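One structure below.
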Amino acid sequence: MLCFEEFQSLANFLGVEKPNVFVDEQWKRPCVETSAGKQLCGLVSISKYLTDKSHQRSLLGTNIEESSLINQWLEYRTVYINQVHQKSDMVRVLEDLDLVLQKKVYFVGNRLTLADISIYYGLHRIFVSLTFQEKEKYLHLSRWFNQVQHVPEVRQTLPVVVFSKSRLYKTTTL
Amino acid sequence: MGFGDLKSESGVKALNDYLCDRSYIEGYQPSQADTVVFDTLKNPPAASFPHALRWYNHIASYGGERSNFPGEKKDVSAFGKTENISDSKPNKPPADDDDDIDLFGSDDEIDEEAEKLKQERLKQYQEKKSKKPGPIAKSSVVLDVKPWDDETDMAEMEKNVRTIECDGLVWGAAKLVPLAYGIKKLQIVCVVEDEKVSIDWLQEKIEEFQDYVQSVDIAAFQKI
Amino acid sequence: MKLNIILKNLCSLKTVIAAGITDAQVEIVKIPPKASCSGFCNNVSTSSPISRPPVLELPSSECLFSANAICWYLFHQRESGNNTTFDPITEEWLEWESNCLQPYVTTFIANFFENNKLNDALFSTLMNHLQYLDSFLTSTPHFPRSSASGTLPGIGDVVIWSTVYPVITDEKLGADTVKKFSSLCRWFHEIGLNESFKEAVRYVFGEKKPSACKETLIEKDPLLHNFALSTQRGKLVPQVINSSDVEMNTSQVEEDVISQEEMFVVFKNWLKGKSFMPKKSEEKFPILPQEGERNILVTSALPYVNNVPHLGNIIGAVLSADVFARYCRNRNYVTLYICGTDEYGTATETKALEEGVTPWEICNKYHRLHKEVYQWFNISFDYFGRTTTDWQKQIAQDIFLKLYAKNYLFEDTVEQLFCEKCHRFLADRFVLGVCPFCLYDDARGDQCDKCGRLINAVELKEPKCKVCSSTPILKTSRHLFLDLPKLQPDLHTWLDQSCESGYWTNTAKVITYSWLKEGLKPRCLTRDLKWGIPVPVKGYEGKVFYVWFDAPIGYLSITASYTDQWENWWKQPEKVQLYQFMAKDNVPFHSIIFPASIIGTKEKFTMVNHLIAVEYLNYENDKFSKSRGIGVFGTDAKETGIPSDVWRFYLLSLRPESQDSSFSWNDLLLKNNSELLNNFGNFVNRALMFLANNFSCVIPEMKINEEDKMLLVRVNRELQSYIELMEKVKLRDAIRPVFSISRLGNQHIQSNKPWEHVKGSNEQRERAGTVMGLCANIACLLATLIEPYMPETSTKLKQQLNTTPDCHVITSFFTCCLPSGHKIDYPKPLFKKLETSFIEDLKKKFAGDEQPKEKSPSKKMSSKGGKSTSVVEPSTQIHDTVDQASLDHLTDLVAKQGNLVRDLKSRKAEKAEIEREVQQLLELKRQLALASGKDPNEVSGQQKKKNRKK
């Protein structure tokens, strides 16, 4: 999913106007123009900005501790998850996240936050490439992923990742 | 059939198993189902039931909000797996799921009746099962074994890999596939019985041949 | 709060400074360099970012492992209590620092100490970063600070200062060069005067030089390292594209080195032009194998006539085979693609019984239906026949008699189920019961849907007649058996050789060898049926062939219906390569039973060389798949209004080659809009429109420069990989190179900006012409490569390019088929965008059909034929219209009866009594369900099951 689409989905979810995204060529990062007429760059910054404008500010955390944890996961998403290009990278990221979610339903606090949404968007491309066996291996992370993708407002047009192997029909040739 | 007695260890275990891939008792948001099970539980599950504990802590965090969760309050026995048979029968075809559609709905007595029947069926099933073993679940796995460099003796590597023997593991064909710069990887097929051989273990075993093996990946995996 | 840090570490430095400035109440704990903090779990490896110090343990016992997040926490805790305001500028700097600055600085330093010298490329990139900081600081004294900070440094100052600290202060790292950034240096020194900074540096680095940070660089994190290197090489765009393009491929090693030699060869081939291309071979009739040519015989599993094909059939067999056959024709191989409907057997009889017509009428109806669906999908059969022909009878009987003569058949009496009520022997499919292997309780008499094993109907436990549900009795009947144990050794030899020399998919091999391993059992080849081929042996009058025996013979007989010289294809194994496509449940009949029968004749037959079996295709998410027989069917696909090419492309892109895959509407939309429209369509249209508008549809003169040659090399490599994958029948994977080529083309246009050049000097205009002429030629190549996947689109594109068939033969190199002066037609867009609302409507439409109750007759048909529900019981054909009054009445009765049962139970009445009343209640509920339109079969089916279990 391109970041443009991600912002669209996020804006949809937040109920704010879809941002007009362009690219900052020097640092290869997305940019938008804020309502103050300033340019704002970066996946994390723009996501936070959109959320801040919406009436769902609680997605950014309701106290400093939550907010800083959310910041940390947003950073993790851009610095690590987005950089997964090889299987070995992937395994490390998935192992870490699986561990984190061992005892938690969501990444921060006890509810859905921007951290979950952003990591879901970031992990989607990885999850669609996983085999059923791999998905089973990252049990906690898969449970979380399935939870988040069942919030229709978050998932929107992204394909559903199937977690249980259920055959639809039997081929009946011959 | 619910979780059985949630105050007993087996009840909590059933709950734990049930929650291993779920965040909530029903669906994808907190509901009265969570409240009912939570209230029945009284004490937090032991740490040896991580899934149940995770769920418990999560639901506990809602505090008084719990009583306002959406959904209908039902008896605790109404929640959880309706038919445990499906667990012991992998690859159950979807057609069978239709049997779960409860056309008799809403009436607790009849549910009980149905439950009783299911219990009987389950018992019969397990009796049969104990008499006659079910089909052995097997998987066919293709492993990619990568060497350190182009000087690694691939034949020796394959020989080493094939020395791994255990019950339920059968090695199949192998071939060399070029990677780049003259390096080749070994692609080897094996068939394992799921219950007896863990793929992780197998990978580790292969990686133990450090002189030859740089890494092992699963190239393909399928249930037979 | 505990703050765990490691000495000589830049991230730790950030947090110590922040703690100092904000006067935070933290206890700083020094951790040995290699240790990890037990942030989340004790067994996390040190290399994992989630446990790498600095780690701040928060009051809630959560942990922060990101230095920037720790600083953020410390600053906000001091400043605003719980009221956090969003400061976009600071956010942006923090993000830039973590995403851009820090990975470079660490990579740069690590690289320096590894090689003991400056890496020029890395150094200059680093300078760009410092330049960026410098220009910002020219217009402002420092990074944004919150009002609470007053004159103290802000969070931006802290994190950036810490990261640039070694490169600005350590002369080894080029601090000299840094001096030219005067604003940056001014800011750095001003900030550095702050006591908290001085103290923190002393604390973290002690007497050591800043470069000592090399020991604790997180460069050891391969992810970060990758990131910095790849960004620097311009390989990927870190944030803009979230790497969806980058294939996750472990074995992908970059081979970006292009040798002069390769370039020379590629360019020479390019110059050859189409006169060097082989002529497209003409279509002859009949197509027959030729001496000295590659003769390819392609078959796809014969669909059984009792159902409309669904997407799973289509992708698994006919469509896959079609793509391969089309590819072979484009390669000028002599190719014959044969398929048809399989019409004999019990299932047809069942279906005929159901619909109240003769088997022959059923076959006609469904043969036509299948044909139409495949036509719509543009399946290029050379001949689509059927098995109910004289040829079928002749060839099947011939093979059978030869087996008989060679003593591979033996007679045995069979105890067969006989239904006294229906007065007939029950064919396997007419019996339902419990599977003897897995105890699945809804197994058919010939095969268990659950474990997939073949069953003899008599082995079923608790058998019952499918038609009348009464329990059949065993009666004796004589039958002929194929002696598979006797044939096994020869079969094994042949299989080893065929698997070794051909492309058998893994699934196909695994299934086949698992059969051999278990040891083959004799198989009964005759049946007590009417609808089939008569057994040509005395004493067997009134019996017919078992469908598994005669169906694979259909390939031969259908070829015979196509040409009377069919033996040229089927009896010349040395000349012909046979590719058979199917889903995995058909494998044993193609790899074991049929080959064994052929081997038994001791005659020379063409036998399968390449057996291509796929896994299953699922539909949407798990929720839908619970209902029985749900999915998109061949006829539905047409009704969606989505072009058949898009369907083909989408299905092929999900072809379940090595594992199950799943169909999703949203994914279909995404693939159409991103790959077809934005990538492929956009490239082709862009190139051709440009030529139309600026060069009046004529290919201009092309002066190929070095950059173009590099492009030619890359296109050639993709072409090679396309051919390689196609030859191995990796049909899904072979799509990738096609789209890589159009992506390369798009990039070439993008980087050469012809739309600017075309308005410039003559030379520039010439350059624009070269680039776009080259792109038009790439479009021509794409038209060829895409043909197997999207034949209609390919035809449209060929018309726009105004090319002859000779331009579209696939050769191993890319050459110039559209020379200067070639005139193209006016281009039109090839694809349409799919709108989300449109897809949502379709999704709803198909979801609507998936309610438990299925009203439409066509849908009924599409649910699995073998199920008990397909036989309509008279008692269920009632209550199409039920008035509300009787509904209410029934509801009332149910409620009353429910109360009665409840009452009895609470009184602990006799078990038998309760049982009786419960039965009554169930019956009432059943009637209510019927009246309110629920599927009565499911009710009755369930009830029967319940009864049986008592």
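It should be emphasised that the depicted structure is a prediction, and the values quoted were computed from it without experimental measurement. Labels below follow one simple rule: chain letters A, B, ... track the order of the sequence lines, proteins then strands, and each chain is numbered from 1.
In plain terms, the two heavy atoms of C:Trp72 and A:Ile64 that are nearest each other are CZ3-O, 4.0 Å.
Most heavy-atom pairs under 4.5 Å with chain A: of the set C:Ala69, C:Pro88, C:Ser66, this distinction falls to C:Ser66.
C:Asn68 is not listed as a side-chain neighbour of A:Asn71, based on a closest heavy-atom distance of 4.5 Å or more. Residues A:Ser68 and C:Ile70 are not in side-chain contact: their nearest non-hydrogen atoms beyond the backbone lie 4.5 Å or more apart. With a 4.5 Å cut-off on side-chain heavy atoms, C:Asn99 and A:Leu43 do not count as touching. Contact annotation: the side chain of A:Val100 approaches that of C:Ile50 to within less than 4.5 Å [non-hydrogen atoms, C-beta and beyond]. Contact annotation: the side chain of C:Asn666 never approaches that of A:Gln156 to less than 4.5 Å [non-hydrogen atoms, C-beta and beyond].
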* Going through the distances and angles, do C:His76 and A:Glu65 end up as a side chain to side chain contact (heavy atoms under 4.5 Å, CB included)? -> CA-CA 9 Å; C:His76 281 77; A:Glu65 194 173 310; over 6 Å; no
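The number of heavy-atom neighbours closer than 6.0 Å to CD of C:Glu840, taken from other residues, nucleotides and ligands shown, is above 12.
Atoms CG and CD, from C:Leu94 and A:Glu75 in turn, are 8.5 Å apart once rounded to the nearest 0.5 Å. With rounding to the nearest 0.5 angstrom, the CD atom of C:Glu95 is 7.5 Å from the CZ atom of A:Arg29. Distance check: A:Leu69 CG to C:Leu58 CG gives 5.5 Å after rounding to the nearest 0.5 Å. Taken from SG in C:Cys63 to CD in A:Gln72, the straight-line distance is 9.0 Å, to the nearest 0.5 Å. Atom CH2 of A:Trp27 is separated from atom NE2 of C:His129 by 3.5 Å, given to the nearest 0.5 angstrom. Interatomic distance, C:Glu92 CD to A:Ser45 OG, rounded to the nearest 0.5 Å: 5.5 Å.
With sequence neighbours excluded, no residue satisfies salt bridge (charged side-chain N to carboxylate O under 4.0 Å, His left out) with A:Glu95. Every residue two or more places apart in sequence or in another chain was checked for a salt bridge (charged side-chain N to carboxylate O under 4.0 Å, His left out) with A:Lys53, and none qualifies.
Classified by interplanar angle (parallel below 30°, tilted 30° to 60°, perpendicular above 60°), the ring pair A:Trp73/C:Phe65 is perpendicular. Note: C:Phe86 and A:Tyr49 have tilted aromatic rings, judged against thresholds of 30 and 60 degrees for the angle between ring planes.
For C:Leu670, the part sitting under 4.5 Å from any heavy atom of chain A is the side chain, from C-beta outward, and nothing else. Heavy-atom distances place the side chain of C:Thr836, and not its backbone, under 4.5 Å from chain A.
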